Amino acid sequence: MTAHGITPADLDHCRRVIRTGSLSFHAASRLLPTSVRDPALALYAFCRLADDEVDEGADKTSAVLRLRDRLDLAYAGRPRNAAEDRAFAAIVAAYDMPRALPDALLEGLAWDAQHRRYATLSDVRAYSARVAAAVGAMMCVLMQVRCADTLARACDLGVAMQLTNIARDVGEDAREGRLYLPTDWLAEAGLTPAAFLADPRPGPAQRLMVRRLLAEADHLYRRSEAGIAGLPRRARLGIWAARLIYDGIGGQVRRQDYDSISRRARTSRLQKLLWIGQATGLTAATFVMPRPAVMYAPPLAEVAFLVDAAGRQTRPARRSTAVLDTLAELSRRETGHGQGRQSA
């Protein structure tokens with residue numbers, strides 16, 4: 001049995017899930033050392049399955065509550081009989097994964113099930129902290145990195161990646177009734193969420209909002225670079241590649257004049273290979289260059305709880321009050337829907 005405890009069959013399944021469901025991560029993961037890549041594939045497969053069930057399922061509330069139960073079983077050492085769950089339970093045990101980190105992802109997906117809107121950029125960052133930066137913090141745990149400064153920069157990278165995803169998917173999300181743009185930006189443009197979702201179009205106001213999102217992402221990508229030197233030496237190339245590949249998606253949106261409604265930005269295999277080549281040189285620099293001062297910048301306020309959870313030596317076994325309150329609200333909604341169906 002390997003150090004991470006994942007069976008070969010379950011690992012092969014996770015690898016297939018990522019190969020078909022997350023091309024950017026799959027490309028970058030191939031550059032990670034096996035000791036990091038294998039548990040990372042298991043982590044991403046579990047998170048991908050959870051995200052897809054909430055995003056694509058007809059009953060998002062039930063999907064989140066099922067994820068809650070799956071996490072409970074994984075942390076009890078009795079995972080659901082599915083490859084992703086067994087693999088995730090193995091890394092929970094092998095790496096002493098702080099429960100607050102997957103719980104943060106659970107809370108973000110619960111916000112999706114609630115169709116929550118985000119009034120400000122800070123609110124969008126708080127959502128991104130849960131659905132993306134939490135995964136970055138979990139990746140650090142898999143690399144056995146618990147340094148607060150490195151964790152803060154990993155969370156910067158996670159938030160930047162999610163902001164890039166949001167910028168790329170404005171049109172796709174709007175057609176599904178989803179909205180992640182700050183509603184105060186819409187108000188500045190004289191739009192309401194309902195009006196925007198009813199008729200999304202790539203006008204000047206939409207392009208400006210996408211541009212603002214990508215500017216924030218660019219700022220965080222640059223901050224995140226300082227933390228890569230704090231990672232294990234053999235893991236740095238894969239993380240540099242992930243940073244460049246995801247930022248490349250934002251670059252494609254820019255080349256489309258910030259129109260992410262008429263078409264969805266895509267990057268080619270050749271582009272990914274070029275970014276991997278660039279990552280090789282940047283990785284070499286981490287071995288000789290001094291760390292910039294931004295390495296020690298405080299974490300974003302929205303991710304501070306993740307940095308604290310991942311770096312803490314003594315970890316609470318229970319969910320936070322905020323997560324419990326969100327799940328209780330969803331449970332009440334599910335109970336109400338069930339009673340409504342019975343009455344009908």
Side-chain angles (χ1 to χ4, degrees), residues 4 11 14-45 47-48 128 131-145 150-168 214 217-255 265-289 291-292 294-295:
H4 50 63
L11 186 58
C14 294
R15 190 176 289 114
R16 289 194 299 272
V17 168
I18 295 303
R19 186 182 297 122
T20 58
S22 183
L23 296 177
S24 294
F25 176 74
H26 182 258
S29 72
R30 296 174 68 179
L31 304 173
L32 293 169
T34 303
S35 60
V36 176
R37 181 179 65 242
D38 288 353
L41 288 170
L43 171 64
Y44 267 75
C47 295
R48 180 80 193 192
S128 301
V131 298
V135 180
M138 286 190 273
M139 282 289 295
C140 284
V141 171
L142 299 184
M143 297 181 208
Q144 302 184 51
V145 172
T150 305
L151 287 163
R153 303 291 74 81
C155 289
D156 285 343
L157 181 57
V159 173
M161 288 176 168
Q162 185 61 27
L163 294 178
T164 300
N165 285 340
I166 291 171
R168 176 194 61 191
L214 291 178
D218 184 62
H219 166 67
L220 294 174
Y221 279 126
R222 294 184 185 281
R223 279 193 8 154
S224 75
E225 295 173 358
I228 297 178
L231 301 177
R233 297 168 72 91
R234 293 179 59 214
R236 295 177 193 176
L237 176 58
I239 303 305
W240 256 118
R243 177 257 184 268
L244 294 173
I245 289 169
Y246 273 86
D247 191 18
I249 295 169
Q252 187 63 33
V253 174
R254 292 184 183 95
R255 284 188 286 276
R266 300 185 185 279
T267 56
S268 69
R269 180 180 176 84
L270 176 59
Q271 286 175 308
K272 290 183 176 70
L273 290 173
L274 291 173
W275 287 318
I276 289 170
Q278 184 182 355
T280 302
L282 291 167
T283 299
T286 66
F287 301 123
V288 295
M289 296 295 291
R291 296 189 188 182
V294 72
M295 173 69 180

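Every heavy atom of this structure was used, including side-chain atoms; hydrogens, water molecules and symmetry mates were not. From a predicted model like this one, the values you see are computed outputs, not experimental measurements.
In this structure, CH2 on Trp240 lies 5.5 Å from CZ on Arg243, to the nearest 0.5 angstrom. The distance from the SG atom of Cys155 to the CG atom of Leu220 is 11.0 Å, given to the nearest 0.5 Å. Here the straight-line distance linking atom CG of Leu151 with atom SG of Cys140 works out to 5.0 Å at 0.5 Å rounding. Rounded to the nearest 0.5 angstrom, Leu157 CG and Tyr246 OH are separated by 9.5 Å. Once rounded to the nearest 0.5 Å, the distance linking CZ of Arg266 with CD of Gln271 reads 12.5 Å. Put simply, CG on Asp156 and CZ on Arg222 are 13.5 Å apart, with the number rounded to the nearest 0.5 Å.
Ile239 has its side chain within reach of Leu32: a pair of non-hydrogen atoms, C-beta onward, lies under 4.5 Å apart. Looking at heavy atoms from C-beta onward, Leu244 lies in side-chain contact with Leu282 at the 4.5 angstrom threshold. Proximity of Leu237 to Thr280: side-chain heavy atoms (C-beta onward) are separated by under 4.5 Å at one or more points. A heavy-atom distance below 4.5 Å is not found between the side chains of Leu31 and Arg37.
Counting non-hydrogen atoms of other residues, nucleotides and ligands closer than 6.0 Å to CZ of Arg254 gives a total above 12. Around the CZ atom of Arg234, the shell of radius 6.0 Å holds no more than 12 heavy atoms that belong to other residues, nucleotides or ligands. The local environment of CZ in Arg269 is sparse, with at most 12 non-hydrogen atoms from other residues, nucleotides or ligands closer than 6.0 Å.
Side-chain atoms of Arg291 do not come within 3.5 Å of backbone N or O of Ala226 as any donor-acceptor pair.
Minimum heavy-atom separation, Thr164 to Ala217: OG1-CB, 3.9 Å.
Each of Val36, Val145, Thr286 was checked for a side chain to side chain contact (heavy atoms under 4.5 Å, CB included) with Leu231, and the lone residue meeting it is Val145.
Side-chain contact of Arg153 with Thr150: a donor-acceptor pair under 3.5 Å is absent, judged by distance alone.
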